[in-house]
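Basis for what follows: all heavy atoms, side chains included, without hydrogens, waters or symmetry-related copies. Residue numbering restarts at 1 for every chain, and letters A, B, ... go by the order of the sequence lines.
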Amino acid sequence: MGKQVAYLVFVYSKIKDKVDISGKSDHWFGALYSIANASIESLIRLDEIDLQKNSLLKIISSKTDAQNYDELERYIKKLSKIGNYYTIDWIDILKKILEVIQEKKGIEEKNKYENVKQVTAIIDTINKTVEWLEVFSSVSIKWPKLSKTVLSTLINERNINEKISELMQKYESGEYKEINSLFREVCSKVLEGIKETLNNVGIKFDKFDWESDLVRNKLVDKILNELEQRGWIIEDKDGAKILNIKKALKIKDIRDIFGLDKVDEESAPPNLVLIRSDGTTLYTTRDIAYALYKGESDKVEKVLNIIGKDQTLPQKQLKAALYLAGYKNVADKLFHVAYELVILPGAKLSARRGRYITFDEILEDAKEKALEEIRKRSTDISLEEFDLARDIAVGAVKYALISVAPERTITFDWNRIINFEQNSGPFLQYTYARATSILRKINFEIPEADIINYEVLNTNVEKELIFNLARFPEIVLEAGEKFRPDIIADYANKISILFNSFYQRFPVLRADTREKRDARLIMVDAFRTVLRNSLDLLGIKPLEKM
RNA sequence: GGGCCCGUAGCUCAGUCUGGAUAGAGCGACGGCCUUCGGAGCCGUAGGUCGCGGGUUCGAAUCCCGCCGGGCCCGCCA
């Protein structure tokens, strides 16, 4: 539905008869997506350069430096062969052209030559082309065979942009059966793989919706009409429909949405394009309709859009659009739950550039580490222990990702993710197993709570543990209000540290009096309950043995 | 240029909204603890101008202003 999906579908439709989907479907399509994106972005720009080629020559040919000119002409002639073959030399050729015209630009600026702007544009295009070609080259090292197939198929395509636009129009209309099934085939297959992975780590979904249905069932139209009638839409010369946010800033509530107390030209947020000039919708447009769809019912108290921090502006625009379309009630219960992205040391993760680590890979590594740890403790590994390793691995990965405040950028670090010591998922699971182990020895026959003399729980560590256990409800409330699961992770870690400290120092079953033994048993049981509930909230499996 | 976020120990992070006493964890380093319920543990040591500079206050990591460093956004991509 989105343009990015259309890229994938476009390429898939071209090569589907030449290839087989191998391995996990989401991984395969993930690779194809990176390849498709890098090749399309490159080819589109190479086309542009091809078009600009003559004016390029003209600008440069305005004498002064004959040597530069000859050199440039040579490279451009090479470039004109684009379309017939692919070679990594493109990058070098373009870089050299770039060097020559940049040098040229220097001369021109000195002479106040008039075409500086045009040259700047060309330099920009070439820069981006080089960038994407470099991406493509790294992608094709990662997936050589598939990359070759894609490139050899796409290289003779012309007007890719137009074709993709057409593809989207047809899909959104819902009137083209083949195109419809193609899009949905791709999406379903990707989703299939994602669901499989998430299902393995205990994450399930109640419902999925097709974005395209929001267009076809006229919900997008409905909002658009409301906005149009209220005079919030402007149409530009190409026919794109734009939400007039600048005008809407006169309304105080809208300024509040953007966190502005006054409006000035400089700091005003930009208008939002809702409909492309080809008539198709954009992601944010569909998301406006989707927010309405989710939040229209009075039974719904809050609509949480959990999406990256980089979406802050579009999410504010979305909220403003709902308000302006007359759905203040829905706008008010809409929250953007923002989280920062995970980055690699040095480079940003980017699916579009083929720079990513799959969740499956991370789990696999964590699982190996877990098996290693299990082997340290018992010699032969049973099938059951493989399950155990998975539960531990999942606990480690989930905790690592969830225990950092959402607004903080997470720098990807294997050591932190595959940490099984304190302040980790496995540490919590281990502590839970220890507590369980005590109770198992008495067949979980916990003494009656109301006959206990709690006065005997009078050591500092016991008092602190009890005090913290009592805080559980307020911790949950706080985490919920702030949309901060890390608060629960931190809490679970804290009570576990306290429990371990207690465990090390004081015997439970062999306490010196019956009174103490019973009181401590009650405390262990309470701790176990609170930790189990915390782990459940975090989606980490409490383990009774490990 | 405009907007948002981050800056706390060598590293990864809590604590900032709602100001309060010697600023807390984990990792890493160093030193201890298995005749007792599971050592994936526990106890201890070293390590911090809370980015910098002003201001408000009896009191500032926390509130206000100004800088500096890093990230993100400002697309008819998502």
Q) How close or far is atom C1' of C72(B) from atom NE2 of H336(A), stated in whole angstroms? A) 12 Å
Q. Which part of the nucleic acid, if any, lies within reach of R505(A) when heavy atoms closer than 4.0 Å are counted: base, sugar-phosphate only, or nothing?
A. nothing
(Q) Taking only side-chain N and O atoms of K376(A), does any of them lie within less than 4.0 angstrom of OP1 or OP2 on G39(B)? (A) no
Q.
In whole Å, I'd like the distance from the NZ atom of K3(A) to the C1' atom of A78(B).
A. 11 Å
Q | side-chain N/O R408(A) vs G7(B) OP1/OP2, d < 4.0 Å | A | yes
Q: Please state how far atom OH in Y399(A) lies from atom C1' in U12(B), giving the value in whole angstrom units.
A: 12 Å
Q: For I487(A) and G15(B), give me the distance from atom CD1 to atom P, rounded to whole Å.
A: 7 Å
(Q) Contact between F420(A) and E373(A) at the side-chain level, heavy atoms closer than 4.5 Å - yes or no? (A) yes
Q) C74(B): syn or anti, with syn meaning chi within 90° of zero? A) anti
Q. Expressed in whole Å, how much space separates the P atoms belonging to G59(B) and G54(B)?
A. 16 Å
Q | Between C1' of C74(B) and CG of L260(A), the distance in whole Å | A | 13 Å
Q.
Can you tell me whether the side chain of T312(A) and the base of C4(B) have a donor-acceptor pair closer than 3.5 Å?
A. no
Q. Looking for any heavy atom pair under 4.0 Å, which part of the strands does Q311(A) touch: base, sugar-phosphate only, or nothing?
A. base
Q | Nucleotide nearest D236(A) when distance is taken to its side chain, options G2(B), G38(B), C76(B) | A | C76(B)
Q) R484(A) near the nucleic acid: base, sugar-phosphate alone, or nothing, with a heavy-atom cut-off under 4.0 Å? A) sugar-phosphate
Q.
Using a heavy-atom cut-off of 4.0 Å across all strands, would you classify F427(A) as base, sugar-phosphate, or nothing?
A. sugar-phosphate
For nucleotides 24-26 of chain B, give me every protein contact, N/O to N/O, under 3.5 Å, one pair per line with atom names.
from: G26(B); atom 1: OP1; to: Q422(A); atom 2: OE1; distance (Å): 3.1
from: G26(B); atom 1: O2'; to: Q422(A); atom 2: O; distance (Å): 3.1

Q. Contact class for P270(A) (heavy atom, under 4.0 Å): base, sugar-phosphate, or nothing?
A. sugar-phosphate
Q.
Of the options C5(B), C6(B), C76(B), whose atoms approach the side-chain atoms of V273(A) most closely?
A. C76(B)
Q. In whole Å, what is the span from the CG atom of D238(A) to the C1' atom of C76(B)?
A. 9 Å
**Q.** Touch class at under 4.0 angstrom, heavy-atom based, for Y7(A) against every strand present
**A.** nothing
Q. Checking all strands, does K494(A) fall into the base, sugar-phosphate, or nothing category for heavy-atom contacts under 4.0 angstrom?
A. nothing
Q: Can you tell me the distance, in whole Å, between the CZ atom of F258(A) and the C1' atom of G3(B)?
A: 11 Å
What nitrogen or oxygen pairs link the protein and nucleotides 63-70 of chain B at under 3.5 Å?
none

